Trainee: 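Sharing a structure below in structure tokens format, with a few things to ask.
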Amino acid sequence: MLHYPEFNPIALQIGPVAIHWYGLTYLVAFVLFIWLGSVRVKLAQFASRDWSRRDIEDLLFYGVLGVVIGGRIGYVLFYKPGYYAAHPLEVFAVWKGGMSFHGGMLGVLAAMALFARTRNRQFFDVTDLIAPCVPTGLASGRIGNFINGELPGRLADPNLPWGMVYPNAGPLPRHPSSIYQFLLEGLLLFVLLWIYAKKPRGLGQVSGAFLVGYGVLRFIAEFFREPDDFLGLLALNLSMGQWLCIPMIAVGAMIWVWGRGRKAR
């Protein structure tokens with residue numbers, strides 16, 4: 001088994017200014033989004049509808065707002081509704097942590113809907129454009145989780161070669177769940193979706209494929225991720241993350257079927 005290499009969370013410090021690795025992973029995610037989006041808008045199916053790099057930059061701004069606001073609201077509603085109902089002012093204490101991917105995704109969808117409305121675009125035309133650019137951002141975030149020593153997984157077989165002993169998580173090896181998620185929801189989903197989305201697809205089908213792909217891969221990863229201690233496992237021994245993935249997969253499949261043969265304006 002391995003021992004977690006305790007990284008210094010600060011990558012660079014200049015006087016009182018500290019640059020954290022986690023912040024750098026977000027910067028990498030933003031740069032990759034701009035670069036990949038710029039490649040996507042040059043594809044014939046998007047260039048013919050006057051998509052441009054400027055649109056990608058604007059979409060990043062909308063998306064960041066959606067992630068932050070939606071991620072926080074999702075955590076409050078999905079994970080600790082009772083606590084925040086009793087302590088409503090702590091909803092705004094984002095520096096204490098507490099973000100939900102599923103809430104962030106809903107926030108991004110709301111932001112994309114606003115963008116589509118203000119630019120007179122079809123909603124699924126927007127989401128089909130950016131969906132293949134999202135997994136690299138998820139991968140960057142999982143690297144940040146690993147550097148910070150976050151998300152130690154469930155207990156692993158002591159003979160597992162990559163089982164990892166985390167500080168403050170006991171002496172027994174655990175699955176490095178953030179690395180699993182980096183490989184599954186990040187790299188694997190990116191490769192599959194990028195290849196699938198290179199050719200013209202029906203309106204909404206790339207978006208539907210993202211929802212199904214992420215939902216399935218996150219559902220698998222959750223078997224190795226330690227559930228939140230204040231929730232534990234829920235019905236059928238599934239985690240909250242797994243229960244939230246089920247409607248995502250169903251909705252994604254319905255969007256994919258609905259989009260067959262449909263074309264963007």
Side-chain angles (χ1 to χ4, degrees), residues 26 29-74 100-141 185-186 189-215 218 244-245 247-265:
Y26 271 86
F30 298 155
V31 171
L32 286 174
F33 181 88
I34 293 292
W35 176 54
L36 295 172
S38 299
V39 174
R40 294 272 298 156
V41 295
K42 294 177 182 178
L43 295 176
Q45 60 265 37
F46 294 108
S48 63
R49 296 194 294 278
D50 297 324
W51 282 100
S52 68
R53 180 189 170 94
R54 177 62 182 271
D55 292 318
I56 296 298
E57 295 169 353
D58 292 343
L59 281 166
L60 176 61
F61 174 76
Y62 278 78
V64 169
L65 289 180
V67 165
V68 173
I69 297 173
R72 185 58 174 174
I73 293 174
S100 162
F101 167 82
H102 296 87
M105 187 192 69
L106 293 175
V108 169
L109 293 178
M112 296 304 101
L114 178 61
F115 177 90
R117 182 178 179 84
T118 58
R119 303 298 176 88
N120 196 28
R121 298 272 188 184
Q122 291 171 286
F123 172 74
F124 283 123
D125 194 23
V126 176
T127 56
D128 283 348
L129 172 65
I130 66 169
C133 309
V134 173
T136 51
L138 301 178
S140 298
E185 307 158 15
L189 182 59
F190 167 71
V191 170
L192 294 177
L193 204 60
W194 190 262
I195 293 173
Y196 176 75
K198 286 185 71 174
K199 295 181 179 180
R201 304 291 178 181
L203 180 65
Q205 286 198 302
V206 173
S207 304
F210 171 83
L211 292 175
V212 173
Y214 179 86
R218 175 65 182 269
L244 293 174
C245 283
M248 179 188 297
I249 296 169
V251 170
M254 288 189 288
I255 293 172
W256 189 90
V257 172
W258 172 85
R260 285 190 299 182
R262 295 178 183 268
K263 295 184 177 180
R265 293 195 302 269

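The shown structure was predicted, so the numbers you read here are calculated from the model rather than taken from an experiment.
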Trainee: Testing the basics here: between Ala139 and Gly186, what is the closest heavy-atom pair and its distance to 0.1 Å?
Mentor: CB-CA, 3.7 Å
Trainee: Under 4.5 Å between any side-chain heavy atoms of Leu129 and Leu59, yes or no?
Mentor: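 SC-SC contact between Leu129 and Leu59 confirmed.
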Trainee: Between CG of Leu109 and CZ of Phe123, what distance do you get to the nearest 0.5 Å?
Mentor: 4.5 Å
Trainee: My understanding is that only one of Arg260, Met254, Arg262 makes a side-chain contact (heavy atoms from CB on, under 4.5 Å) with Trp258; could you say which?
Mentor: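 Exactly one pass, corresponding to Arg262.
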Trainee: Rounded to the nearest 0.5 Å, what's the gap from CD on Gln122 to CZ on Arg49? Could you check?
Mentor: 7.5 Å
Trainee: Please answer whether the main-chain N or O of Phe115 pairs with a side-chain N or O of Arg121 as donor and acceptor at a distance below 3.5 Å.
Mentor: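 No, because the side chain of Arg121 does not come within donor-acceptor range (under 3.5 Å) of the backbone of Phe115.
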Trainee: Can you tell me how far CG of Leu138 sits from OG1 of Thr136, rounded to the nearest 0.5 angstrom?
Mentor: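 Reported to 0.5 Å precision, the distance equals 8.0 Å.
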Trainee: Can you measure from CZ (Arg265) to CG (Leu203) and round to the nearest 0.5 angstrom?
Mentor: 9.0 Å
Trainee: Compare all side-chain heavy atoms of Val134 with those of Phe210 and state whether any distance is below 4.5 angstrom.
Mentor: yes
Trainee: I need the minimum non-hydrogen distance between Arg201 and Tyr196, along with the two atoms involved.
Mentor: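 Arg201 and Tyr196 have their closest heavy atoms at NE-O, 2.8 Å.
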Trainee: A quick test of your reading: do over 12 heavy atoms of other residues, nucleotides or ligands sit less than 6.0 Å from CZ of Phe30?
Mentor: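 Atom CZ in Phe30 is packed in, count exceeds 12.
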Trainee: Do you know the tightest heavy-atom contact between Met112 and Thr127?
Mentor: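 Shortest heavy-atom separation between Met112 and Thr127 comes out as CB-CG2, 4.3 Å.
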Trainee: After noting the C-alpha distance and the side-chain angles of Phe190 and Leu36, does the key distance pass the side-chain contact (heavy atoms from CB on, under 4.5 Å) rule?
Mentor: CA-CA 11 Å; Phe190 167 71; Leu36 295 172; 3.8 Å; yes
Trainee: Indicate yes or no: at least one non-hydrogen side-chain atom of Tyr62 is less than 4.5 angstrom from one of Thr118.
Mentor: yes
Trainee: Can you check whether Asp128's main-chain N or O pairs, donor with acceptor, with Arg40's side chain at less than 3.5 Å?
Mentor: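 A pair under 3.5 Å: yes.
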Trainee: When rounded to the nearest 0.5 angstrom, what is the spacing between OG in Ser38 and CD in Glu57?
Mentor: 7.0 Å
Trainee: Please test Phe46 against Asp55 for side-chain contact (heavy atoms from CB on, under 4.5 Å), starting from the C-alpha separation and ending with a verdict.
Mentor: CA-CA 11 Å; Phe46 294 108; Asp55 292 318; over 6 Å; no
Trainee: Taking the side chain as everything from C-beta on, heavy atoms only, tell me whether Ile56 gets closer than 4.5 Å to Trp35.
Mentor: no
Trainee: Which heavy-atom pair separates Gly66 from Ala111 by the least distance, and what is that distance?
Mentor: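 Scanning both residues, the minimum pair turns out to be CA-CB, 4.3 Å.
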Trainee: To the nearest 0.5 Å, how far apart are CD1 in Ile130 and CG in Asp125?
Mentor: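 CG of Asp125 is found 11.0 Å from CD1 of Ile130.
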Trainee: Work out which heavy atom in Gly259 is nearest to a heavy atom in Gln205; give both atom names and the distance.
Mentor: C-CG, 3.9 Å
Trainee: Do Arg218 and Met248 come close enough that some side-chain heavy atom pair is under 4.5 Å?
Mentor: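 No, every pair of side-chain atoms sits at 4.5 Å or beyond.
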Trainee: For residues Leu193 and Ala131, report the shortest heavy-atom separation together with the two atoms involved.
Mentor: CD2-O, 3.6 Å
